[in-house]
Amino acid sequence: MAGTTVRTALRTAAAAACATLLLAACGSTKDTVDSGGEGGGDGGKVGVIVPLLTSPFWQSYNDYVPKMAKSEDVDALKTVNSNSDSAQQITDINNQLNQGVRGLVVAPLDSAAISAGLDQAERKGVPVVAVDVAPEKGKVAMVVRADNEAYGIKACEFLGGQVKSGKVVQIMGDLASVNGRERSEAFRTCVKEKFPKLKVLEIPAKWESDTAAAKLDTLLNANPDIKGIYMQAGGVYLAPTLQTLKSKGMLKKAGEKGHIAIVSNDGIPQEFDAIRKGQIDATVSQPADSYAKYGMYYIKAAMAGKTFKPGPTDHKSTIVKLPSGILEDQLPAPLVTKDNVDDPELWGNTVK
């Protein structure tokens, strides 16, 4: 990943000029690379580290990476899978750096633990783009992510429109992850403020399907009157949730008496099929294709010395400055229901 620790004089001068002239473009993604920097395939090898491949969402992202790298003219190495192990992810980063990559695109497993890997990259002068998870500290050129608080709010508002009173469950992600924390707190707060007749029960499942299944089974035994479920990651929670409900005779189609309203996050094809079948009611489509596309876009820009600043982009998103000072491009993530599930523009309808 950045085997070279020294930039050429030309690149240094170009980067300085870019900063001086504020060519950050106010969030615009036009004129991708500053003219003084190296671009695309000429900028050196890029390492790409994925958090896991047991989820259909990350499988789709993994498939998009080489396609988007080619379209953005980025020389990306074969992806490395950290296999849900945050310590392994730091090792993966170090291995890529030792291979001499010039840029890194990483989807962090743990928003705090990733700082060790980011520090390694910074010491070697290698820019990093974080995908899906914003690091709590450490240097990154950009975070490519959707607004995770909006995920929780959209799920809350949808369930609140379906369930007027009673118990609803949120199957949470890993609370060591900023994504798990933001989705959970946003959902919890929204329900409290907007739908006070709903009672939220919570299952901390750490993005683990077996954990979700076991804890949901236990919760349903004690609370058979559940009326709604919010799954924070359909890629890992959809199958175990449906299987658990089915085993208890609680999986009823939308419109049938006893149907439990279910909203999810991810936007994978399996969720779309479940919506069509009436098994679940909605999902928030997390943009796997755009994660890969703009991960490649921003690492190419970073390797060329280009910087950005907060503001609207030319791809229907907004770059915001996080409290940590890191910039995040918040990509759009639409709510998908039976009314728009067949929209050909949704990435989940473009993959098998």
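In this text, all values refer to a predicted model and were calculated from it rather than measured experimentally.
- The OG atom of Ser86 sits 8.5 Å away from the CD1 atom of Ile114 when rounded to the nearest 0.5 Å.
- Looking at residues two or more places apart in sequence or on another chain, you find a ring-ring contact (aromatic ring centres under 6.0 Å, His included) between Tyr230 and Phe187.
- Within the 3.5 Å criterion, the main-chain N or O of Thr244 finds a donor-acceptor partner in the side chain of Ser247.
- For Asn179 (side chain) and Asp132 (main-chain N/O), a donor-acceptor pair under 3.5 Å exists by modelled atom type.
- The neighbour count for Asp225 CG, taken as heavy atoms of other residues, nucleotides or ligands under 6.0 Å away, is above 12.
- Residues Thr313 and Ile319 meet the side-chain proximity criterion, which asks for heavy atoms closer than 4.5 Å.
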Kindly determine whether Val284 and Ser264 satisfy side chain to side chain contact (heavy atoms under 4.5 Å, CB included), including the steps that lead there.
CA-CA 6 Å; Val284 179; Ser264 185; over 6 Å; no
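- Grouping the Ile, Leu, Val, Met, Phe, Trp and Tyr side chains by contacts below 4.5 angstrom, directly or via other members, places Tyr237 with Ile260.
- When side chains are defined from C-beta on, Lys252 does not count as touching Gln279, because their heavy atoms never get closer than 4.5 Å.
- With contacts defined as side-chain heavy-atom distances shorter than 4.5 Å, the pair Gln162/Phe158 qualifies.
- Summarising the geometry of Ser82 relative to Leu109, their closest heavy-atom pair is CB-CD1, 4.0 Å, with the distance given to 0.1 Å.
- Ala146 approaches Tyr291 most closely through the heavy-atom pair N-OH, 3.1 Å.
- In this structure, CG on Asp266 lies 5.0 Å from CD on Glu271, to the nearest 0.5 angstrom.
- Gln59 contributes a side-chain N or O that, together with a main-chain N or O of Leu53, makes up a donor-acceptor pair within less than 3.5 Å.
- Shown here are the side-chain hydrogen bond (donor to acceptor under 3.5 Å, both in side chains) partners of Asn349, two or more places apart in sequence or in another chain: Arg276.
- A donor and an acceptor atom, one from each side chain of Gln99 and Asn95, are nowhere located under 3.5 Å apart.
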Asp85 and Gln89: side-chain hydrogen bond (donor to acceptor under 3.5 Å, both in side chains), yes or no, with the steps?
CA-CA 6 Å; Asp85 186 333; Gln89 189 162 71; over 6 Å; no
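- In this structure, CE on Met172 lies 13.0 Å from CZ on Arg183, to the nearest 0.5 angstrom.
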Please evaluate residues Ile93 and Gln120 with respect to the criterion side chain to side chain contact (heavy atoms under 4.5 Å, CB included), reporting the C-alpha separation (whole Å), side-chain torsions for both, the decisive distance (0.1 Å), and the verdict.
CA-CA 8 Å; Ile93 290 173; Gln120 291 175 9; 4.2 Å; yes
Run the side-chain hydrogen bond (donor to acceptor under 3.5 Å, both in side chains) test on Asn221 and Lys248 for me, step by step, so that the C-alpha distance in whole Å, both residues' side-chain angles and the decisive distance to 0.1 Å come before the verdict.
CA-CA 9 Å; Asn221 286 338; Lys248 294 181 173 300; 2.6 Å; yes
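- Formation of a donor-acceptor pair under 3.5 Å by the Thr283 side chain with backbone atoms of Ser285 is not found in this model.
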Just distance, no hydrogens or angles: give the donor-acceptor pairs under 3.5 Å from side chains in residues 190-201, sequence neighbours left out.
from	atom 1	to	atom 2	distance (Å)
Lys194	NZ	Glu157	OE2	2.5

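- Listed by first and then second residue, the salt bridge (Lys or Arg N to Asp or Glu O under 4.0 Å) pairs involving residues 135-145 are Glu136-Arg181, Arg145-Glu182, Arg145-Glu328 (not counting sequence neighbours).
- Put simply, the side chain of Tyr151 reaches to within 4.5 Å of the side chain of Gln286, judged on heavy atoms.
- Asn62 pairs with exactly one of Val50, Leu52, Asn81 by the side chain to side chain contact (heavy atoms under 4.5 Å, CB included) rule, that one being Val50.
- For the atom pair CD of Gln170 and CD1 of Ile229, the computed distance is 12.0 Å after rounding to the nearest 0.5 Å.
- Salt-bridge formation is not detected for the pair Arg102/Asp75: no Lys NZ or Arg NE/NH1/NH2 atom is positioned less than 4.0 Å from an Asp or Glu carboxylate oxygen.
- Across Ser55 and Val236, no two heavy atoms sit closer than the pair CB-CG1, 3.9 Å.
- Summarising the geometry of Leu242 relative to Ala274, their closest heavy-atom pair is CD1-CB, 4.5 Å, with the distance given to 0.1 Å.
- By the rule that hydrophobic residues join a cluster once side-chain heavy atoms approach within less than 4.5 Å of another member, Ile299 and Val144 end up as members of one cluster.
- Side-chain contact between Trp58 and Ile268: absent, with no pair of heavy atoms (C-beta onward) separated by less than 4.5 Å.
- A donor-acceptor pair under 3.5 Å is absent between the side-chain atoms of Trp347 and the main chain of Ser60, judged by distance alone.
- No donor-acceptor pair closer than 3.5 Å links the side chain of Lys253 to the backbone N or O of Lys277.
- Connection of Tyr294 to Met68 is established within a shared hydrophobic cluster, with ILVMFWY side chains joined at heavy-atom distances below 4.5 Å, either directly or through further cluster members.
- The shortest side-chain heavy-atom distance between Leu118 and Glu122 does not fall under the 4.5 Å cut-off.
- Although no hydrogens or angles enter the test, the distance criterion places no donor-acceptor pair under 3.5 Å between the side chain of Ser290 and the main chain of Pro287.
- Annotation: side chain of Ile203 is in contact with side chain of Lys215 (closest heavy-atom distance under 4.5 Å).
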Checking side chain to side chain contact (heavy atoms under 4.5 Å, CB included) for the pair Asp343/Phe272: CA distance, chi angles, key distance, verdict?
CA-CA 10 Å; Asp343 184 345; Phe272 289 1; over 6 Å; no
Please test Asp329 against Tyr298 for side-chain hydrogen bond (donor to acceptor under 3.5 Å, both in side chains), starting from the C-alpha separation and ending with a verdict.
CA-CA 10 Å; Asp329 187 354; Tyr298 283 115; 2.7 Å; yes
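- Taking Ile, Leu, Val, Met, Phe, Trp and Tyr as hydrophobic and joining them when side-chain heavy atoms fall under 4.5 Å apart, one finds Ile153 isolated, its cluster having no other members.
- Lys246 contributes no side-chain N or O that, together with a main-chain N or O of Thr241, makes up a donor-acceptor pair within less than 3.5 Å.
- Shown here are the ring-ring contact (aromatic ring centres under 6.0 Å, His included) partners of Trp207, two or more places apart in sequence or in another chain: there are none.
- Going from atom CG of Asn223 over to atom NZ of Lys167 covers 4.0 Å, rounded to the nearest 0.5 Å.
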Could you walk me through whether Val105 and Met296 satisfy the side chain to side chain contact (heavy atoms under 4.5 Å, CB included) test, starting with their C-alpha distance in whole Å, then the side-chain angles of each, then the deciding distance to 0.1 Å, before giving a yes or no?
CA-CA 8 Å; Val105 178; Met296 293 300 122; 3.9 Å; yes
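- Side-chain contact between Pro240 and Leu216 is absent, with no heavy-atom pair separated by less than 4.5 Å.
- Taking CD1 from Ile275 and CG from Asn340, the interatomic distance works out to 8.0 Å, rounded to the nearest 0.5 Å.
- When the side chains of ILVMFWY residues are joined at heavy-atom separations under 4.5 Å, either directly or via intervening members, Leu238 and Ile226 end up in a single hydrophobic cluster.
- Minimum interatomic distance between Pro269 and Val351 (heavy atoms only, all atoms of both residues): CG-CG2, 3.4 Å.
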Apply side-chain hydrogen bond (donor to acceptor under 3.5 Å, both in side chains) to residues Tyr64 and Thr350 and explain how you reach the verdict.
CA-CA 11 Å; Tyr64 275 120; Thr350 67; 3.1 Å; yes
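- When all heavy atoms are compared, the tightest approach of Ala261 to Asp281 is CA-OD1, 3.2 Å.
- Criterion: ILVMFWY side-chain heavy atoms under 4.5 Å apart, direct or through other members. Under it, Leu175 and Val133 are not part of a common hydrophobic cluster.
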